[in-house]
Peer 1: 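One structure is given below, represented as structure tokens, and several questions about it will come after.
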Amino acid sequence: MDTATMHRVFIDGQEGTTGLQIRERLQGRRDLQLLEIDPERRKDPAARRALINEADVLITCLPDDAARESIGWIENPRTRVIDPSTAHRTAEGWVYGFPELRPGQREAVRGARRVAVPGCHATGFLALVVPLVDQGLLPRDARVIAHSLTGYSGGGRKMIQAYEQAEGARREQLRGPRPYGLTLQHKHLPEMRAIAGLDRAPLFQPVVGDFYKGMLVSVPLFADALARPATPAAVHELYTSYYAGEPFIRVMPLGGQGALEDGYLGAVECNDTNRLDVFVFGKPDQILVVARLDNLGKGASGAAVQNLNLMLGAPEATGLD
Ligand SMILES: NC(=O)C1=CN([C@@H]2O[C@H](COP(=O)(O)OP(=O)(O)OC[C@H]3O[C@@H](n4cnc5c(N)ncnc54)[C@H](OP(=O)(O)O)[C@@H]3O)[C@@H](O)[C@H]2O)C=CC1
Ligand SMILES: CC(=O)N[C@@H](CCC(=O)OP(=O)(O)O)C(=O)O
């Protein structure tokens, strides 16, 4: 393909955690031309503005305010946007970039001019909860609880440095898992509630651990609080048929058979892929559903590239599948 027919992509924030991972996934793509900014000028508004308006697709791997600013500089009507930041996930005029979420979503992404990449915790949560709500098993007014265990890369460059450069007593402290979001106001709550169509936000509590990446999002359910009687096997069957044919979502055997090690569920087995594994555990009166993903894969950069491919009419595979 010559450069005149290649899709021009500009990653604003190309040196950050998400930006670097997107670039890695796009390496070697012959249908794309990556517009590179001079590293010395990567925060220079004039240099960024020029590339933004040269691009067919702008990907904003930036803090929320910088992402809003970058998108505000678009003058070229051809420039489409993929925004991995938190700024537009429930905003009017934006498509939520989770193609597998429900029928029609993939088509909506294909035709979209503005796509918001879901948050990593929200990706796991919604993969579990949307099928239950849409199939009428989980009432919209349910009181939903969710936990998430995540690697530290989700906290961006600063947190990565904090973990990787710690020494002495501080290093010892960081070995232990650390619950956070303890005001119960995590920034993913608005998208969790709105996209799932729940009447109220879940009670959500994440934990960060001393490992680079990998994520387990879990939602416990009492069987008698569901809209109709359901066993773990019935919930497993529901997910299996809901996600049938989806290349990146894998419903694992009931009870995690064959996927647990001495009864333990690993958090890192989807790393370096765009995959999300769904697990169903339980006994007759209690059900636990768990999503496993790479927080930097299906939880961020993999999802961004999957959306980019759909928008460009390219094969959906993300380079690291
Ligand atoms: N959708 C998802 O699942 C995920 C999304 N994110 C989101 O993606 C965005 C980036 O996160 P992440 O990659 O982890 O963050 P990082 O901190 O690793 O990277 C952000 C990058 O943006 C640069 N930057 C900051 N301000 C400006 C500016 N005004 N102009 C140009 N560059 C700027 C930073 O440079 P410097 O370091 O020099 O300041 C850094 O290189 C955030 O909004 C985050 O919320 C993150 C993880 C998952
Ligand atoms: C460990 C850690 O701090 N993780 C981040 C994950 C952020 C994320 O997924 O993404 P967005 O920034 O795009 O929302 C957090 O929980 O806020």
Side-chain angles (χ1 to χ4, degrees), residues 1-3 5-11 14 16-35 55-61 80-84 95-120 122-124 126-127 130-131 151 153 212-215 217 239-252 259 268-278 291-321:
M1 214 178 241
D2 64 47
T3 49
T5 52
M6 287 164 114
H7 303 287
R8 284 164 306 203
V9 175
F10 175 50
I11 303 171
Q14 64 183 30
T17 316
T18 315
L20 282 171
Q21 290 245 338
I22 293 175
R23 278 170 74 177
E24 192 182 317
R25 282 176 159 81
L26 298 180
Q27 291 295 328
R29 284 277 295 262
R30 298 164 70 98
D31 58 329
L32 303 178
Q33 182 191 359
L34 273 183
L35 303 178
D56 298 307
V57 181
L58 163 68
I59 308 181
T60 44
C61 297
R80 298 163 84 187
V81 182
I82 297 174
D83 181 13
V95 172
Y96 197 68
F98 195 155
E100 301 88 347
L101 201 59
R102 36 173 75 96
Q105 197 68 18
R106 184 171 264 111
E107 274 316 302
V109 170
R110 276 198 180 104
R113 306 209 57 77
R114 301 283 182 268
V115 171
V117 180
C120 50
T123 298
L126 292 167
V130 166
S153 58
Y212 185 72
K213 61 184 180 178
M215 173 168 275
V217 181
Y239 286 131
T240 304
S241 83
Y242 196 90
Y243 289 123
E246 283 298 345
F248 302 123
I249 301 197
R250 199 165 67 161
V251 181
M252 303 300 279
V268 300
E269 282 77 354
C270 288
N271 284 6
D272 299 316
T273 75
N274 192 47
R275 221 174 58 217
L276 184 150
D277 291 344
V278 173
R292 173 166 70 191
L293 62 150
D294 178 347
N295 55 294
L296 297 182
K298 184 64 174 160
S301 310
V305 173
Q306 184 184 358
N307 282 299
L308 174 72
N309 291 342
L310 286 168
M311 291 165 79
L312 298 180
E316 208 168 323
T318 70
L320 284 173
D321 297 319

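All heavy atoms count here, side chains included; hydrogens, waters and symmetry mates do not. Small disclaimer: the values here were computed from a predicted structure and weren't measured.
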Peer 1: Could you give the distance from CG (Leu312) to CE (Met6), rounded to the nearest 0.5 Å?
Peer 2: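 One finds 12.0 Å between CG of Leu312 and CE of Met6.
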Peer 1: Could I get the full list of salt bridge (charged side-chain N to carboxylate O under 4.0 Å, His left out) partners for Arg113, not counting sequence neighbours?
Peer 2: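 Salt bridge (charged side-chain N to carboxylate O under 4.0 Å, His left out) check on Arg113 returns nothing, list empty.
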Peer 1: Spell out, as yes or no, whether a donor-acceptor pair under 3.5 Å connects the side chain of Tyr239 to the backbone of Arg250.
Peer 2: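 Side chain of Tyr239 to backbone of Arg250: no pair is present.
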Peer 1: For a quick test of reading the model, state the closest non-hydrogen atom pair linking Leu35 to Phe10 and the distance between them.
Peer 2: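 Closest approach of Leu35 to Phe10: O-CD1, 3.3 Å.
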Peer 1: Could you tell me which residues satisfy side chain to side chain contact (heavy atoms under 4.5 Å, CB included) with Ala314, sequence neighbours excluded, listed by chain and number?
Peer 2: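 Once residues adjacent in sequence are excluded, the partners of Ala314 under the side chain to side chain contact (heavy atoms under 4.5 Å, CB included) criterion are Arg29, Asp31, Asn309.
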Peer 1: With no hydrogens and no angle check, is any side-chain donor or acceptor of Ser301 less than 3.5 Å from a backbone partner on Gly297?
Peer 2: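 No, Ser301 side chain to Gly297 backbone: no donor-acceptor pair under 3.5 Å.
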Peer 1: Atom CG of Asp56 and atom NE2 of His7: how far apart are they, to the nearest 0.5 Å?
Peer 2: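 Atom-to-atom, Asp56:CG and His7:NE2 are 7.5 Å apart.
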Peer 1: If I take atom CG from residue Leu34 and atom CD from residue Gln14, how far apart are they, to the nearest 0.5 angstrom?
Peer 2: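 Leu34 CG to Gln14 CD: 8.5 Å, rounded to 0.5 Å.
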Peer 1: Rounded to the nearest 0.5 Å, what separation is found between the CG atom of Asn295 and the OG atom of Ser153?
Peer 2: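 Output value for this atom pair is 4.0 Å.
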Peer 1: Does the side chain of Tyr242 reach to within under 4.5 Å of the side chain of Val130, using non-hydrogen atoms?
Peer 2: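 Yes. Closest side-chain heavy atoms under 4.5 Å.
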Peer 1: With sequence neighbours left out, write down each residue that passes side chain to side chain donor-acceptor pair (under 3.5 Å) with Asp83, or none if nothing qualifies.
Peer 2: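 Here the qualifying residues are Thr60, Ser85, His88.
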Peer 1: Which atom names give the shortest non-hydrogen contact between Pro99 and Gln105, and what distance separates them?
Peer 2: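 Shortest heavy-atom contact: O-CB, 3.6 Å.
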Peer 1: The criterion is salt bridge (charged side-chain N to carboxylate O under 4.0 Å, His left out); which residues satisfy it with Arg23, sequence neighbours excluded?
Peer 2: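 Arg23: salt bridge (charged side-chain N to carboxylate O under 4.0 Å, His left out) contacts with Glu36.
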Peer 1: Do you know the tightest heavy-atom contact between Gly97 and Val115?
Peer 2: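 The pair with the smallest heavy-atom distance is CA-CG1, 3.7 Å.
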Peer 1: Can a donor-acceptor pair be found, under 3.5 Å and without considering hydrogens, that links the side chain of Arg292 to the backbone of Glu269?
Peer 2: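 Judged by distance alone, no pair lies under 3.5 Å.
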Peer 1: Please give me the minimum heavy-atom distance between Ile11 and Gly19, naming the atom from each residue.
Peer 2: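 Closest approach of Ile11 to Gly19: CG2-CA, 4.0 Å.
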Peer 1: Holding to side chain to side chain contact (heavy atoms under 4.5 Å, CB included), I want the full list of residues that pass it with Ala304, two or more places apart in sequence or in another chain.
Peer 2: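 Partners of Ala304 by the side chain to side chain contact (heavy atoms under 4.5 Å, CB included) criterion, ordered by chain and then number, come out as Ile22, Ile82, Val117.
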Peer 1: For Arg110, what residues pass the side chain to side chain donor-acceptor pair (under 3.5 Å) criterion, not counting sequence neighbours?
Peer 2: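 In terms of side chain to side chain donor-acceptor pair (under 3.5 Å), with neighbours along the sequence ignored, Arg110 is linked to Glu107.
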Peer 1: Tell me if a side-chain donor or acceptor on Thr123 pairs with a main-chain N or O of Gly299 at a distance below 3.5 Å.
Peer 2: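 Checked: no pair found.
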Peer 1: How would you list, by chain and number, every residue that makes a side chain to side chain contact (heavy atoms under 4.5 Å, CB included) with Ala108, sequence neighbours excluded?
Peer 2: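 Result, side chain to side chain contact (heavy atoms under 4.5 Å, CB included) vs Ala108: Val95.
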Peer 1: If you round to the nearest 0.5 Å, how far is CZ of Phe98 from CD1 of Ile249?
Peer 2: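 Going from CD1 on Ile249 over to CZ on Phe98, the span is 4.5 Å.
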Peer 1: Between the main-chain N or O of Ala127 and the side-chain N or O of Tyr243, is there a donor-acceptor pair closer than 3.5 Å?
Peer 2: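 Yes, Tyr243 side chain to Ala127 backbone: donor-acceptor pair under 3.5 Å.
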Peer 1: Please give me the minimum heavy-atom distance between Ala300 and Thr18, naming the atom from each residue.
Peer 2: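 Answer, listing the atom of Ala300 first, then Thr18: CB-CG2, 4.3 Å.
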Peer 1: Enumerate the residue pairs fulfilling salt bridge (charged side-chain N to carboxylate O under 4.0 Å, His left out) with a member in residues 308-319, sequence neighbours excluded, ordered by first and then second residue.
Peer 2: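 Residue pairs passing salt bridge (charged side-chain N to carboxylate O under 4.0 Å, His left out), neighbours aside: Arg106-Glu316.
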Peer 1: Listed by chain and number, what are the side chain to side chain donor-acceptor pair (under 3.5 Å) partners of Asn271, not counting sequence neighbours?
Peer 2: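 Scan of Asn271 (side chain to side chain donor-acceptor pair (under 3.5 Å), adjacent residues dropped) gives none.
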Peer 1: Would you please name every residue forming a side chain to side chain contact (heavy atoms under 4.5 Å, CB included) with Thr273, sequence neighbours left out?
Peer 2: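 Expected list: Cys270, Arg275.
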Peer 1: Rounded to the nearest 0.5 Å, what's the gap from CG on Leu26 to CD on Gln33? Could you check?
Peer 2: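 So the gap between those two atoms works out to 13.0 Å.
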Peer 1: Give every residue pair that meets the salt bridge (charged side-chain N to carboxylate O under 4.0 Å, His left out) criterion with at least one member in residues 293-304, sequence neighbours excluded.
Peer 2: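 As it turns out, the salt bridge (charged side-chain N to carboxylate O under 4.0 Å, His left out) pairs with a partner in residues 293-304, which skip direct neighbours, are Glu100-Lys298, Lys213-Asp294.
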Peer 1: Using every non-hydrogen atom in the two residues, find where Cys61 and Pro84 come nearest and quote the distance to one decimal.
Peer 2: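 Looking at all heavy atoms of both residues, the closest pair is SG-CG, 4.0 Å.
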